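To start, the structure under review is shown below, and the notes come after it.
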Amino acid sequence: MLLFKQEKRLFAFSGSIRSRDSDQLERPWQRIVTYLTPHLRQAFEVARALAGAELEKKAMVNVQNPARTGCLVVSRDRRIVFANRQAENMLDSGELVRSDFRQRLLFADPTWDQRLGQILASRILTTPQTLRLLNDLPTPFICRIAPLGSDDLGTRSSGMLFGREEPCFLLTISQEHDVPDIGERLRNRFGLTPHEAQVVLHVSSGLLAKEISEIRGTSVHTVRNQIHNAMSKMEVRRQSEIVRIVAAMRNPLLQ
């Protein structure tokens with residue numbers, strides 16, 4: 001008996017009866033299956049809803065207004081595995097995102113959509129990526145994209161949504177003013193100066209000291225001093241630890 005079917009996944013309930021017992025047991029077995037099927041389907045949908053709620057809770061930790069934030073889980077080929085109510089509303093409106101007949105996620109703007117495809121196709125995506133979505137509305141939207149790996153999922157019930165071997169990505173879409181200022185959080189948490197916080201953010205993006213100095217219009221020596229001071233305040237020894245801390249601030253699944 002089929003409980004759930006997607007393009008690449010199927011959940012079914014079945015049994016077997018020995019051929020010599022089929023005349024005696026087949027009809028009772030069919031009655032039992034007919035009785036159990038609606039209950040099993042309901043239990044399956046409840047489990048999927050709980051798994052989705054768990055992911056949504058994790059995704060909303062760094063969001064100031066969860067009630068207005070869309071949360072989606074998509075596979076590498078853009079198939080929508082999960083969408084919360086806000087994301088469903090966004091998909092229905094089609095202003096920012098929509099889905100095609102195969103339930104694949106598409107951005108309304110071709111430039112955003114191309115960038116999403118590049119991010120999802122990346123085989124080395126280990127830290128969250130950010131898209132700033134400009135449109136005709138007064139406030140831009142921010143889309144954060146983070147990989148969901150088996151290490152992030154552990155033994156959680158997310159298997160009801162997607163397989164552990166299936167590369168998936170967590171997306172949150174919110175208005176720009178609902179996205180927390182990571183620089184401000186760095187300043188408050190570690191006592192960094194505004195300049196040190198900005199340098200830390202540049203380092204977390206993979207920029208070298210020379211590149212940061214060119215962006216900020218300062219000397220390489222000044223940037224290196226700011227990096228050194230920030231690392232001291234953050235009590236880290238390697239710049240890779242800065243990347244990890246900032247990534248965790250942006251997405252708690254990476255903690």
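A quick note: this is a predicted structure, and the numbers were derived from the prediction, not measured.
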Specify the closest pair of heavy atoms between V81 and S75, including all atoms of both residues, with the distance to one decimal. CG2-N, 4.3 Å

Roughly how far apart are N89 CG and N84 CG, rounded to 0.5 Å? 8.5 Å

Using a 6.0 Å cut-off, check whether atom CZ of R224 has over 12 heavy atoms from anything other than its own residue. no

Nearest heavy-atom contact between L91 and S99 is CD2-N, 4.1 Å

L106 and I173: same hydrophobic cluster, using ILVMFWY side-chain contacts below 4.5 Å? no

Hey, does Q198 have a side-chain heavy atom less than 4.5 Å from the side chain of L201? yes

Just how far is it from atom CD of Q239 to atom CE of M231, taken to the nearest 0.5 Å? 6.0 Å

Distance from H221 atom NE2 to S213 atom OG, nearest 0.5 Å? 12.5 Å

Residue pair A209 / V220: nearest heavy atoms and the distance that separates them: CB-CG1, 4.2 Å

Are any of the side-chain heavy atoms of L116 and V74 separated by less than 4.5 Å? no

Close side-chain approach of C71 and L170, heavy atoms under 4.5 Å: yes

Which pair of heavy atoms, one from S204 and one from V243, lies closest together, and at what distance? CA-CG2, 3.9 Å

Within the side chain of S232, is there an N or O that forms a donor-acceptor pair under 3.5 Å with the backbone of H228? no

State, to 0.1 Å, how close V200 and M234 come at their nearest heavy-atom pair, and which atoms those are. CG2-SD, 4.0 Å

Heavy-atom closest pair (F169 atom, I145 atom, distance to 0.1 Å) is CB-CG2, 4.2 Å

Is there a side-chain contact between R115 and T111 in this structure, where contact means two heavy atoms from C-beta onward sitting under 4.5 Å apart? no

Side chain to side chain, T69 and Q86, heavy atoms closer than 4.5 Å: no

Would you compute the distance between atom CE of M90 and atom CG of L105 and round it to the nearest 0.5 angstrom? 11.5 Å

Nearest 0.5 Å please: distance from the CZ atom of R31 over to the CZ atom of R27. 8.0 Å

Contact between K233 and T193 at the side-chain level, heavy atoms closer than 4.5 Å - yes or no? yes

Say whether V199 and L208 are linked into one hydrophobic cluster, either directly or through other cluster members, by side-chain heavy-atom distances under 4.5 angstrom. no

Could you check whether any side-chain heavy atom of V97 comes within less than 4.5 Å of a side-chain heavy atom of W112, counting everything from C-beta outward? no

What distance do E196 atom CD and N225 atom CG have between them, rounded to the nearest 0.5 Å? 10.0 Å

Answer yes when R78 and D113 have at least one side-chain N-carboxylate O distance shorter than 4.0 Å, and no when they do not. yes

